[in-house]
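Quick notes on the structure that follows.
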Amino acid sequence: MKIVMLGAPGAGKGTQAKMIADKYQIPHISTGDIFRANISNGTELGKKAKTYMDQGLLVPDELVVDLVVDRVQQDDCKKGYILDGFPRTIPQAEALTEALKKLGEKVDFAINVEVPDENIVKRMSGRRACVSCGSTYHIVYNPTKVEGVCDKCGNELILREDDKPETVKKRLDVYHEQTQPLIEYYTNEGVLVEVDGTKDMKDVFSAIVDILGA
Ligand code: AMP
């Protein structure tokens, strides 16, 4: 099962993607996580990506496409995978479709998690990320057992630079301009499904499972 998660930044697609990956035992491939790991490891890719990410801008297509196309051809992706944060532009989607076509494969579901803009800014200011393992939480909707401490690895939680309100507004503009057209793209591919992302995360997940099959 090859799945693409769509939705505005902060729509909760990362949380849902992790739950789907767990249930269906497929790898969760988050380009944002890959960039953040590169930033913490001080790689050249990380240095380049950070300059865009901190401004709420997209990293250029050429820095992300090859990385994902290589990743989806690794052995653990044979049964399928879930892409979270990729594609984010029409050229990225076209590059993915082309690469998969060469392998005789295609995206099975593009799941659009719908949340209106006004909910997003409110949500994102409550988001917290672990400095070490990248797990994300929300102070109201998905709190940790101990405030400010990651449940998974015990390290400190922070408000990411790109989750700060001014950056979030910029990211929403970028989303509407460059990523929202993917809804039409995947509708035309016949694989778009939509879920209401304003609901509780467990309800959003059951709506997704209803679509994907138990
Ligand atoms: P995310 O964690 O998915 O919200 O991604 C955080 C940031 O990483 C985005 O705001 C972009 O700057 C960058 N990024 C992640 N995925 C992509 C992508 N597919 N194309 C371009 N930039 C990306």
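Throughout, numbering of the chain's residues begins at 1 and tracks the sequence. In listed order, ligands and their atoms are each counted from 1. Scope of the values below: all heavy atoms of this structure, side chains included, with no hydrogens, waters or symmetry mates.
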Any protein N or O within less than 3.5 Å of an N or O in ligand 1? List each pair with its distance, or say none.
residue, atom, partner, partner atom, Å
ligand 1, 2 (O), Arg36, NH1, 3.0
ligand 1, 2 (O), Arg36, NH2, 2.9
ligand 1, 3 (O), Arg88, NH1, 3.1
ligand 1, 3 (O), Arg88, NH2, 3.3
ligand 1, 4 (O), Arg88, NH2, 3.1
ligand 1, 4 (O), Arg171, NH2, 2.6
ligand 1, 12 (O), Leu57, O, 2.6
ligand 1, 16 (N), Thr31, OG1, 2.7
ligand 1, 16 (N), Gly85, O, 3.3
ligand 1, 16 (N), Arg88, NH1, 3.0
ligand 1, 19 (N), Gly85, O, 2.8
ligand 1, 19 (N), Gln92, OE1, 3.0
ligand 1, 20 (N), Gln92, NE2, 2.9
ligand 1, 22 (N), Val59, N, 3.0

Asp117 versus His176, side-chain donor and acceptor atoms under 3.5 Å: yes
Solution key, residues 53-61 side-chain donor-acceptor pairs under 3.5 Å, sequence neighbours excluded:
residue, atom, partner, partner atom, Å
Asp54, OD2, Lys50, NZ, 2.4
Gln55, NE2, Thr51, O, 2.7
Asp61, OD1, Thr89, OG1, 3.1
Asp61, OD1, Gln92, NE2, 2.9
Asp61, OD2, Thr89, OG1, 3.4

Which donor-acceptor pairs under 3.5 Å do the side chains of residues 200-214 make with protein atoms, sequence neighbours left out?
residue, atom, partner, partner atom, Å
Asp200, OD2, Lys202, N, 3.0
Ser206, OG, Lys202, O, 2.9

Using residues 98-109 as the side-chain source, report each donor-acceptor pair under 3.5 Å to any protein atom, sequence neighbours left out, with the distance given to one decimal.
residue, atom, partner, partner atom, Å
Asp108, OD2, Lys2, N, 2.7

Ion pair check, Lys169 and Glu166, cut-off under 4.0 Å: no
Salt bridge present between Asp33 and Arg36 (N-O < 4.0 angstrom): yes
